[in-house]
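Quick note on labels: first sequence line is chain A, next is B, and so on, each numbered from 1. Atom set for the values below is all heavy atoms of this structure, side chains included, hydrogens, waters and symmetry mates excluded.
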Number of protein chains: 2
Amino acid sequence: MGVDMMKISTMKEVCEQLVSADSILIFPHILMDGDTLGSSVALCLAMRAKGKVSHILIEDAIPGNLKFLDGGLCTTNIDVIEQPDVCIAVDCADIERFVRRRKKFLEGKSTLSIDHHKTAKYFADINFIDSAAAATGEIVYDMLAMLGIKPDKEQGEAIYAAILTDTGNFQYTNTTTRSHLITVDLFNLGIDHGYVNRMLYQNTRLQKLHISGKILNTIKMLAGGEAVMAYVTGDMLKEAGALMEDTEGASEMLRNISGVELSIFVKEAGKKDTKFSMRSKQWVDTTELSLKYDGGGHTKAAGCTIPAPIFEAMKMMEADVEEYFAKNKEK
Amino acid sequence: MGVDMMKISTMKEVCEQLVSADSILIFPHILMDGDTLGSSVALCLAMRAKGKVSHILIEDAIPGNLKFLDGGLCTTNIDVIEQPDVCIAVDCADIERFVRRRKKFLEGKSTLSIDHHKTAKYFADINFIDSAAAATGEIVYDMLAMLGIKPDKEQGEAIYAAILTDTGNFQYTNTTTRSHLITVDLFNLGIDHGYVNRMLYQNTRLQKLHISGKILNTIKMLAGGEAVMAYVTGDMLKEAGALMEDTEGASEMLRNISGVELSIFVKEAGKKDTKFSMRSKQWVDTTELSLKYDGGGHTKAAGCTIPAPIFEAMKMMEADVEEYFAKNKEK
């Protein structure tokens, strides 16, 4: 779709569609995070409170630490609403983010998208994209205000969970005064922020700690201490009884080492398939390192896959890293 | 000192002393954290901006991730101000929190204390204790407002660091709307919150990760999965090249395991000296477990020492834990 075809819409248009609809089907993205699910839950609850039929249609499992948000709103039953008046995508930058539900989405009499990603595509009839929002949860908060709905405790906690997770507990640089001010309002509405934090962050799988221990034993410093690499193999996962998703956060943990500018976390994805996940602190452009292998991403967070066995692929990447640092220090 | 001797003072009294003083010596507590140092730095900078002689007197090392706050304000030179007009303790619940500087503190023509701990003692001439403040940094923020001082970027970042660390990035239940509203104002004053977060949290010692890996290998579940124990020995520290302080946060990491109610982190403090650090999520009273060995603390965070070799002491504690859970499940 070209720029001329983009349907850039206002929040008011989104709200008008919701007001006139009797049935609303909500689409969070796959590999759900706190923002997509929290935003969907708050919206679904608000629509039900307005007497509408509303469900959240999902296609993959809810991560353990987000299950407290669900409350029976989520379903994998594609026919939960036969022909929805409105299908609304929440926090989905691309229609590919709900690929197995795409057909159903397009069956909505009207399709909407609300999102905050800078790279968001305009795939719906009505698209409200606010890239200044730290979380789609902030957009939902504003929408409820526009609809004259005062969030109850449950809705407030879902919005809070959305903001909390997408701002990294207000740590990421996307955090704004708006994030904090909305939180103030949610506190005043009576949310139990201690409960939300306990649910989100005190629910680590034991297997995650086991695999973390093994990963930490593989740490190798590169580029004179400015880069660090660590890895996980299928055997390590088996020994720890862990899943690949239990290694989430490893790249960030490695990047947080004092003096480290670049971290690379390596995953054995198959016998001849090795995935690299890179994070940088300030000046390393991780896309430069990933593009060589047709990867991509952002300046400070990128990834790629090398079609080679893990230890062979790591050697290739190590050479690239040393070369990158040598070249960029000459400058 | 009895309650009748307590000198409960107002913020106005504290400010009046500061206004009339020419020289101000500031006392953070030992084992400095972001709140005691950030609050001290903000206050020291503000006093200097008012043309006063002001220094921060310390007696132990500034932790690596807090060094960015210092900016040359901190000194171990006890004679940096010969006889200060004002000596002010910041975030110190007890005079024992600066025991090696106590004599100097009492040499101040006037002694002040500002703090937010519920257990704060009234050891100074003038004591302003606000236990509703999530951080002493919030008190300093209010004091600067009362003094008509608009925090500059550096002062603002020091206050932000204080609030951030003492609220656990706004996660702890002590966080209030006030914490968020002050943060909004600091954002508006132009602080670089990304910089503060990078300095505070992207400065992990490599040795901390090494010792974490080893600790994670010692995890043992107790009480049918509701309790967890892990340990660190002197040999493990040596192998990792780590210090005992690199194990900070281990108790919390263990408590955050899904399904775990009680975590116990065990440290070999000597050949016949074993320290236990306990954390609970909701219902276990950790003081009950620690009091048997003359320990103490809070309901959800307590500690004790058993005068026995680590593995022997651990067996004793394991038995106590199993008994505690068995007893409390009967109920």
Side-chain angles (χ1 to χ4, degrees), chain A residues 64-65 164 167-188 192-198 200-219 221 225 228 230 240 252-261 279 281-282, chain B residues 64-65 164 167-188 192-198 200-219 221 225 228 230 240 252-260 263 279 281-282:
Chain A
N65 68 333
L164 203 61
T167 61
N169 309 318
F170 306 99
Q171 277 184 265
Y172 300 159
T173 48
N174 66 350
T175 311
T176 67
T177 54
R178 180 179 169 192
S179 322
H180 284 287
L181 286 171
I182 292 173
T183 301
V184 167
D185 192 38
L186 299 175
F187 273 45
N188 288 334
D192 184 347
H193 73 277
Y195 163 75
V196 176
N197 274 291
R198 205 164 58 239
L200 286 174
Y201 300 117
Q202 299 187 12
N203 261 321
T204 316
R205 272 163 51 88
L206 176 60
Q207 295 84 343
K208 186 183 177 79
L209 294 194
H210 284 150
I211 194 65
S212 297
K214 291 184 187 296
I215 291 167
L216 289 171
N217 289 336
T218 71
I219 286 180
M221 305 306 293
V228 61
E252 288 78 10
M253 180 177 65
L254 296 168
R255 183 213 45 208
N256 289 352
I257 296 172
S258 183
V260 160
E261 167 59 26
R279 297 290 182 276
K281 252 179 206 154
Q282 289 185 275
Chain B
N65 67 333
L164 202 61
T167 60
N169 309 317
F170 306 99
Q171 276 184 266
Y172 300 158
T173 48
N174 65 349
T175 312
T176 67
T177 54
R178 181 179 168 191
S179 322
H180 284 287
L181 286 170
I182 292 174
T183 302
V184 167
D185 192 39
L186 298 175
F187 274 44
N188 288 333
D192 184 347
H193 73 277
Y195 163 75
V196 175
N197 274 291
R198 205 162 60 239
L200 286 175
Y201 300 116
Q202 299 187 13
N203 260 320
T204 315
R205 274 163 51 87
L206 176 59
Q207 294 85 343
K208 187 183 176 79
L209 293 195
H210 283 149
I211 194 65
S212 297
K214 291 183 188 297
I215 292 167
L216 289 171
N217 289 337
T218 72
I219 285 179
M221 304 308 290
V228 61
E252 289 78 10
M253 181 178 65
L254 296 168
R255 182 212 45 210
N256 290 352
I257 296 172
S258 184
V260 160
S263 75
R279 296 289 182 278
K281 250 177 208 158
Q282 290 186 273

Go through the atoms of [X] and report whether side chain, backbone, both or neither lie under 4.5 Å from a heavy atom of chain B.
X        : result
A:Thr183 : side chain
A:Ser179 : neither
A:Met253 : both
A:Asn217 : side chain

Max heavy-atom pair count under 4.5 Å with chain B, selected residue of [options]:
options                      : answer
A:Lys208, A:Arg198, A:Arg205 : A:Arg198
A:Asp185, A:Asn174, A:Leu181 : A:Leu181
A:Ile215, A:Thr176, A:Asn65  : A:Thr176
A:Leu200, A:Leu254, A:Leu209 : A:Leu209

Measure the spacing between NE2 of B:His180 and CG of A:Leu186 and express it to the nearest 0.5 Å.
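Atom-to-atom, B:His180:NE2 and A:Leu186:CG are 9.5 Å apart.
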
I need the B:Lys281 NZ to A:Asn203 CG distance, nearest 0.5 Å.
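It comes to 6.0 Å.
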
Which residues pass the ring-ring contact (aromatic ring centres under 6.0 Å, His included) test with B:His210, not counting sequence neighbours?
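In terms of ring-ring contact (aromatic ring centres under 6.0 Å, His included), with neighbours along the sequence ignored, B:His210 is linked to no residue.
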
For B:Tyr195, enumerate each residue passing the ring-ring contact (aromatic ring centres under 6.0 Å, His included) test, keeping only those at least two apart in sequence or located in another chain.
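Expected list: B:Phe68.
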
Say whether, by atom type as modelled, one donor and one acceptor occur between the side chain of B:Thr204 and the main chain of A:Asn256 under 3.5 angstrom.
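Judged by distance alone, yes, a pair lies under 3.5 Å.
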
Check for a donor-acceptor pair, side chain of B:His193 on one end and backbone N or O of A:Tyr172 on the other, with a separation under 3.5 Å.
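Checking the backbone N and O of A:Tyr172 against the side chain of B:His193, a donor-acceptor pair under 3.5 Å is found.
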
A:Thr173 and B:Asn197, any side-chain heavy atoms less than 4.5 Å apart:
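In short, these two side chains do not touch, never coming nearer than 4.5 Å.
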
Residue pair B:Gln202 / A:Glu252, side-chain heavy-atom distance below 4.5 Å
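Not touching, per the 4.5 Å side-chain cut-off.
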
Hey, what's the ring geometry for B:Phe170 with A:Phe170, parallel, tilted or perpendicular (30° and 60° as the breaks)?
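Rings of B:Phe170 and A:Phe170: perpendicular, over 60°.
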
For B:Leu216 against A:Ser212, the heavy-atom pair lying closest together
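Answer, listing the atom of B:Leu216 first, then A:Ser212: CD1-CB, 3.9 Å.
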
Counting heavy-atom pairs under 4.5 Å with chain A, which one of B:Asn188, B:Leu164, B:Thr175, B:Val228 comes out on top?
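Heavy-atom pairs under 4.5 Å are most numerous for B:Thr175.
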
